[in-house]
Every structure is written in C-alpha cells, then in structure tokens.
Amino acid sequence: MSLPENVSLDFVRSIVAADLKSGKYQGRVHTRFPPEPNGYLHIGHAKSICLNFGIAAENEGGLCNLRFDDTNPCKEEVEYVESIKEDVRWLGFDWGDREYYASDYFDQLYEWALQMIRDGKAYVCDLTAEQTREYRGTLTAPGKNSPYRDRSVEENLDLFERMHSGEFPDGSRTLRAKIDMAAPNMNLRDPVMYRILHASHHRTGDKWCIYPMYDFTHGQSDSIERITHSICTLEFENHRPLYDWYIDALGIYHPQQIEFARLNLTYTVMSKRRLLELVTAGHVRGWDDPRMPTICGLRRRGYSPEAIRGFCERIGVAKFNSTIDIQLLEHCLREDLNKTSPRVMGVLRPLKLVIDNYPEDLVEQMDAVNNPEDPKAGTRKVPFSRELYIEQDDFLEDPPKKYFRLGPGREVRLRYGYFVKCTDFVKDEATGQVTEVHCTYDPETRGGDNPPDGRKVKGTIHWLSAAHAVKAEVRLYDHLCTKEDPSDVPEGGHFTDNLNPKSLEVLTECLVEPSLASAAPGDRFQFERQGYFCVDPDSTADRLVFNRTVTLKDTWAKIQKRE
RNA sequence: UGGGGAAUAGUGUAACGGCAGCACGACUGACUCUGGAUCAGUUAGUCAAGGUUCAAAUCCUUGUUCCCCAGCCA
C-alpha cells in the first residue's frame with residue numbers, strides 16, 4: 001500500500017514523510033498501538049489504530065506493534081487483553097508476532113532505575129502520598145524539595161533493593177527522579193518512578209511488589225522496540241519533556257513522540273470512566289451493548305470494519321480538539337452497507353392487507369433483486385399470496401397530499417408484486433386503530449411492472465405473505481444521549497441526565513422474509529425502505545433477533561418533521 | 001495568576017507568501033419499482049486589532065477564547 005503523490009497529508013504523516021526523506025531513521029517507519037488493558041476499545045481507539053497501523057502499512061517495510069501498557073496490576077485484566085486483540089484484528093489489522101507488553105520490560109526497567117540511582121538521578125522518598133502532593137506545590141507556586149532528596153547513593157540502592165524484596169508496605173516509599181521541584185512543568189517536579197504495590201499482575205503474577213509508573217515505562221518501551229514515531233494523544237504533550245529526560249538520562253535510543261487530538265463524537269460519551277459507569281450502573285446491557293461506542297458494541301450493532309476505517313480516514317488527524325458530528329459516522333456506515341448489504345423485506349409493525357380479487361390459495365414466487373448496487377448478488381424468490389402484511393406507517397385513513405402510500409382509493413406498487421388499490425379498511429372503533437386494509441390488484445402489473453395503459457404510481461411499499469413470513473424481534477436504536485454534548489448539564493447535574501430514554505425500542509411482533517430463517521448472528525441486511533439490520537447473537541433457533549444498525553435516509557420523515 | 005497546546009463555513013479538514021478547496025450537514029432540482037442509491041446545483045468560513053509585503057489563513061506585534069497539567073492512574 002502506498003500513498004498517492006499529490007494528496008495532502010495530515011501533520012503526522014507529513015512528519016513521517018519528512019523523516020523518511022531526511023533519512024532520520026534510516027528509512028524505517030515503526031509505530032505502535034499501546035492500549036492499557038483496563039477496558040474495552042472504543043471508536044476513539046479506532047482512530048489511533050487506523051493512524052498507527054495505517055502509517056506502517058503505507059510505508060515500505062513499515063511495522064506497527066501491539067503493545068499493552070500494563071504497569072498497573074490493580075486495574076488490568078486478561079479479559080481486556082483478549083478483547084483488545086479481537087477488536088484490533090476485527091478492524092482489519094495485523095501485528096504479526098510483535099505482541100508486546102510493558103511488563104516484558106520490568107527487568108530492564110528495574111536495571112535502569114538502579115542505573116539512575118547510581119548516577120545520582122533518582123532517590124527513594126519516604127513521603128506519604130499526601131505529603132508528596134503538598135511538597136509538589138501548585139500550578140503557580142513552586143514545590144519544595146523532599147527531605148529525602150539527598151540520600152546517598154548507597155542508602156538509595158539499599159532502600160530500593162528492600163522495596164523490591166518486599167520489606168515495606170504499600171505506599172510507604174517511592175523511587176523518584178531527581179529533576180526540579182520548581183519546574184513550571186509539574187511532570188518534572190521529581191516524578192515518581194516506582195511505587196510499592198503488593199498486587200498480582202495478570203502476566204508477571206507475584207514476581208513484583210514494586211511497579212514502574214507509566215511515565216517511567218512508556219518512553220523506554222518505545223525505545224526498546226525501536227519505535228520511530230510514537231504517536232499519542234494531546235494530554236501527553238506535557239509528559240514529552242519527562243520522557244525525553246529519562247531517555248537522555250539513560251542514554252538510550254530516542255523515538256519521536258507526536259501528539260494528536262483524540263476523537264469526540266456528538267450524542268455519545270467516549271471516556272473509559274463514563275463507559276464503565278454506563279455498564280456498571282446498568283444504563284446499558286454491557287460493553288457490547290449496540291448503543292455503546294465501543295468496538296464490540298458497534299460490531300454487535302452491525303457496523304462493518306470498512307465503515308469504521310472509512311470514517312477514520314475522513315475525520316483527519318490534527319491537534320485541534322474537535323467533536324465530529326455523528327452523522328458523518330452514519331454516512332460512512334450507510335456508504336459501506338449500501339454497497340454490501342443484501343436487500344430483503346421486513347415488516348416492523350404489521351398491518352394485514354387482503355387482496356379481495358386475488359385467488360384464495362394461489363402462491364406466486366416473485367423475483368426480487370438482492371442488491372441493485374451489485375448485479376452479481378443475483379435475485380431471489382419471494383412468495384406472494386392473497387393475505388399480506390404491510391407496514392402500519394404505509395396506510396393512512398386520511399392521507400395528506402404529499403403522502404405517496406396507501407389510503408382509501410389510492411393505488412401503490414407492492415415491491416416486486418402488483419399494483420394494488422385500496423377499496424376498504426377495517427377499524428377497531430374502541431382504539432381507533434386500523435386493523436385490516438382491503439384492496440384489489442391489477443393482474444397486468446405482475447412483478448411490479450408498470451401496466452400497459454401507462455398508469456403510474458408515486459409510491460412503492462414493502463410487504464410479506466402472511467402465510468410465509470417469519471417472526472422476529474427487532475431492536476431499534478437511537479442516539480445514546482439527547483444532547484450533542486452530554487456533559488452539558490446544569491450545575492450539579494450528571495451526564496447520565498442526558499441519556500436518551502428512547503435509545504432502545506424493542507419490537508417483538510416483526511416479520512421477515514422466509515429466506516432469513518437461516519440467517520446467522522452477524523449477518524447484515526438492508527430491510528428495504530427502512531434501514532440496515534444485523535442478526536443479534538441473542539437469536540435462537542426459533543427466535544430471530546435483529547438490531548437496527550442505522551436507518552436509511554428518510555426524506556418523508558424530514559418532510560413530516562418540518563410539517 | 002505558572003507551564004504546555006490550539007483557533008479556517010453549522011461540523012470536520014486542506015491550502016506551507018500567489019484564485020480559500022474538499023467532505024458531512026442543510027436547502028433546491030433531476031432520476032428512480034426502496035420517499036434508498038445516484039446525479040446536478042445552492043448555502044456558508046480564515047478568532048480580533050494593528051504591522052510587513054505588489055500580494056497574508058500563512059510572516060511580525062498585541063490581544064481574545066478554548067483545551068491539557070497540581071494520581072504512588074494511564
């Protein structure tokens with residue numbers, strides 16, 4: 001894969017291209033995607049994955065590692081490691097045999113800590129967490145030196161070794177870098193390098209009771225892996241001087257860190273903290289709830305990897321802290337699904353339609369096109385008979401002028417069926433609900449063709465043969481939140497106040513074509529005129545469950561909204 | 001009030017001293033056996049004020065607004 005010459009590159013790719021040209025890394029391009037295994041991946045991570053793996057793939061010989069930044073045993077679990085691997089793979093990326101863990105480097109990191117102590121660049125500090133905070137100063141006031149800052153190398157070596165051997169309780173001591181307590185960059189005010197944590201690690205077990213901080217791990221991990229471009233999000237910009245300091249202090253290979261803005265989307269939340277809260281508080285049914293912006297949620301919802309990748313390409317990469325309109329994501333989704341999804345008919349809210357002049361026991365097999373965007377997809381047969389179901393929305397007792405569907409005396413085309421003209425309808429006087437529509441058909445319009453008399457109809461509606469349709473449950477989803485920015489709450493409010501109570505609607509009396517009886521979880525379809533649907537893993541042998549991935553663009557709904 | 005970043009149509013994103021372009025959205029219209037898709041068109045922008053220059057989104061000065069940093073989280 002390579003990039004065309006004259007297209008404009010985002011600022012990260014421009015830097016990579018410039019480095020390639022200047023020979024800064026001898027023509028190497030080596031990136032990495034470095035998740036912490038403490039949660040599920042979401043679409044924001046997809047942006048980073050596409051960037052890192054994308055840049056590697058676009059450059060001859062380019063590589064991208066998958067590295068788990070697992071320096072905090074209290075929060076990390078194998079379950080997350082597995083889900084992350086599955087999601088990255090599903091998105092279409094391959095890290096070959098380069099699956100690394102920061103925990104693989106714990107021995108090396110320990111050696112480096114020792115080296116820094118010997119060089120007088122690190123010391124063991126006995127301050128409590130609270131004292132450490134007090135000594136750090138504030139954004140505007142410098143901090144004070146720790147009283148333990150000037151311990152001898154021997155004492156530091158001894159204490160650190162004893163921290164390592166488990167002699168001290170959690171939180172009693174830390175190893176700190178000796179930098180500058182008056183530094184305007186808070187990260188440089190003698191940052192903690194190691195803390196005592198008597199906790200089992202998901203990979204190293206009980207081997208360690210001291211764990212390196214992320215800041216003392218990340219830059220060196222990149223260095224060990226000979227990463228050329230260490231791409232991360234904006235909040236780590238302030239940490240770059242510290243990574244540089246460690247790498248210079250250690251005199252090791254120096255990757256180049258480049259920061260870009262993380263992804264924000266309207267009508268949803270993206271932080272791990274909030275997503276976790278949605279799951280634990282039961283606002284959604286799990287990490288893979290189709291309303292979640294997690295990769296597994298989007299997958300279950302029916303998103304394709306292609307759609308997500310296309311989206312990530314379009315949003316670009318920059319340093320401006322932006323929020324992307326979720327409609328762009330939906331556009332990319334429809335763009336892909338339109339090309340790839342087989343068409344099928346499904347009736348969400350059934351209304352019986354009886355064709356009074358159609359033979360009682362006749363069943364015709366009508367030809368239907370599987371995908372007008374893809375001639376190779378072929379055709380299928382759909383059974384047609386006297387009693388059908390149509391969509392409740394497709395009949396109006398007293399239709400307005402611009403309504404093209406069925407109403408008393410009106411004629412429409414039944415897709416791939418016949419022209420039918422409404423002659424009568426039955427209404428439940430108690431509820432006011434129309435329960436049955438009667439019509440006659442024109443035998444000269446078989447297959448839905450225009451009749452020889454040149455008569456035309458404005459509307460075409462979908463239908464299902466009552467005797468042949470298969471029952472299904474359909475779950476309709478809407479935006480997770482009611483506000484573009486869910487954190488926009490009055491004083492004392494919480495983002496959950498903006499959760500959309502109608503984000504899920506379950507319809508249990510839906511009907512689909514008999515051809516769908518054998519559909520398997522994950523299969524995607526377009527229900528004509530309605531949207532894209534995907535078979536949910538909750539489906540069983542006798543009960544199909546569909547998720548509505550996204551609706552089709554709906555001009556009529558727009559007209560109605562305007563009134 | 002310290003330090004680090006960032007500001008271009010409604011939303012994103014290009015233009016790297018030389019015609020402010022593209023995408024999404026919105027709005028028209030054409031076409032259509034999906035009110036889908038497709039096609040054509042319209043809409044709308046350089047944070048502000050000065051300065052340099054034949055020429056400034058771009059360079060300089062001053063200001064404004066927004067984001068990040070005071071975890072023994074990442």
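Each chain gets a letter, A, B and so on, in the order its sequence line appears, and its residues count up from 1. These values consider heavy atoms only, across backbone and side chains, with no hydrogens, waters or symmetry-generated copies.
Among the candidates A:Y105, A:Y211, A:F160, the single residue satisfying the ring pair (Phe, Tyr, Trp, His ring centres under 6.0 Å) test with A:Y110 is A:F160.
Among the atoms of the strands shown, none is found under 4.0 Å from any heavy atom of A:T266. At a threshold of 4.0 angstrom between heavy atoms, the contacts of A:K402 include nucleobase atoms, whether or not backbone atoms are also involved. Residue-level contact check: A:V317 touches the backbone only, with heavy atoms under 4.0 Å from sugar-phosphate atoms and none from bases. Within 4.0 Å (heavy atoms only), A:I210 reaches no atom of the nucleic acid at all. Residue A:S322 is in sugar-phosphate contact alone, with no base atom involved, counting any heavy-atom pair closer than 4.0 Å across all strands shown. If you check every strand for non-hydrogen atoms under 4.0 Å, A:Y416 touches a base. Among the heavy atoms of the strands lying under 4.0 Å from A:Y403 is at least one base atom, whether or not backbone atoms are also near. Looking at heavy-atom distances under 4.0 Å, A:N38 makes no contact with the nucleic acid at all. Residue A:H218 is classed as having no contact, given no heavy-atom separation below 4.0 Å to the nucleic acid. In this structure, A:R343 reaches the bases: a heavy-atom distance under 4.0 Å links it to at least one base atom across the strands shown. Backbone-only contact: A:R136 has heavy atoms under 4.0 Å from sugar-phosphate atoms and none from a base. At a threshold of 4.0 angstrom between heavy atoms, the contacts of A:S14 with the nucleic acid are absent. Nucleic acid contact class of A:R405 (heavy atoms, under 4.0 Å, all strands): base.
Base orientation of B:rG71: syn, since the glycosidic angle falls within 90° of 0.
Residues A:P212 and A:Q530 both approach RNA chain B. Their nearest nucleotides, taken by heavy-atom distance, put A:Q530 toward the 5′ side.
Classified by interplanar angle (parallel below 30°, tilted 30° to 60°, perpendicular above 60°), the ring pair A:Y214/A:F236 is tilted. Between A:W287 and A:Y80, the two ring planes are perpendicular [angle over 60°; tilted spans 30° to 60°].
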Q: Return one dot-bracket line describing RNA chain B 5' to 3' (Watson-Crick or G-U wobble pairs, both distances under 3.5 Å; ( ) same strand, [ ] crossing, | another strand, . none).
A: .((((((..((((....[..))))((((((.......))))))...(((((..]....))))))))))).....

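Here A:R195 reaches the OP1 or OP2 of B:rC73: one of its side-chain N or O atoms lies under 4.0 Å away. For B:rU32, the OP1/OP2 oxygens have no side-chain nitrogen or oxygen of A:T460 closer than 4.0 Å.
Considering only side-chain atoms of A:W556, the nucleotide from B:rG12, B:rG35, B:rA14 that sits closest is B:rG35. For A:A129, the side-chain atoms get nearest to B:rC72 when compared with the rest of B:rC72, B:rC24, B:rU13. Considering only the side chain of A:K558, B:rA26 comes nearest among B:rC72, B:rA26, B:rA70. When distances run from any side-chain atom of A:M213 to the nucleotides B:rG35, B:rU34, B:rC73, the shortest one goes to B:rC73. The side chain of A:R314 has B:rC24 as its nearest neighbour among B:rG12, B:rC68, B:rC24. Distances were taken from every side-chain heavy atom of A:Q327 (C-beta onward) to each of B:rU34, B:rG25, B:rA37; the shortest belongs to B:rG25. Residue A:K553 places its side chain closer to B:rA37 than to any other of B:rC72, B:rC68, B:rA37.
Atom pair A:N72:CG and B:rG71:C1' shows a separation of 10 Å (rounding to whole Å applied). If you take CG of A:D10 and C1' of B:rG12, they are 14 Å apart, rounded to a whole angstrom. In this structure, A:D69 atom CG and B:rC73 atom P are separated by 15 Å, rounded to whole Å. Remark: P of B:rG71 and NE2 of A:H239 are 11 Å apart, rounded to the nearest angstrom. Note: CZ (A:F11) to P (B:rC16) measures 18 Å, nearest angstrom. What separates CZ of A:R189 from P of B:rG71 is a distance of 11 Å, to the nearest Å. Nucleotide B:rC73 holds its P atom 17 Å from the CZ atom of A:R273, rounded to whole Å. Between the NE2 atom of A:H462 and the C1' atom of B:rG36 there is a distance of 13 Å, given to the nearest Å.
Within 6.0 Å of NZ in A:K319 there are more than 12 heavy atoms belonging to other residues, nucleotides or ligands. Surrounding CZ of A:R274 are more than 12 heavy atoms belonging to other residues, nucleotides or ligands, all under 6.0 Å away.
Using a 3.5 Å distance cut-off with no hydrogens or angles, the side chains of A:D190 and A:Y123 do pair a donor with an acceptor. Side-chain N/O atoms of A:S103 and A:D70 include a donor and acceptor closer than 3.5 Å. The closest side-chain donor-acceptor pair between A:Y418 and A:D442, if any, does not fall under 3.5 angstrom. For the residue pair A:E130 and A:T128, no side-chain donor N or O sits within less than 3.5 Å of a side-chain acceptor on the partner.
Salt-bridge annotation for A:D104 and A:R67: absent, with no side-chain N of the basic residue lying under 4.0 Å from a carboxylate O of the acidic one.
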Between N or O atoms, less than 3.5 Å apart, protein on one side and nucleotides 1-8 of chain B on the other: list the pairs.
| unit_1 | atom_1 | unit_2 | atom_2 | d |
| --- | --- | --- | --- | --- |
| B:rG2 | N9 | A:L139 | O | 3.2 |
| B:rG2 | N2 | A:P184 | O | 3.3 |
| B:rG2 | N3 | A:L139 | O | 3.1 |
| B:rG3 | N2 | A:N238 | OD1 | 3.2 |
| B:rG3 | N2 | A:N238 | ND2 | 3.3 |
| B:rG5 | O2' | A:E237 | OE1 | 3.3 |

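The two residues A:P399 and A:G407 have their closest heavy-atom pair at CG-CA, 4.2 Å. Heavy atoms only, all atoms of each residue included: A:D69 and A:H218 are closest at OD2-ND1, 3.0 Å.
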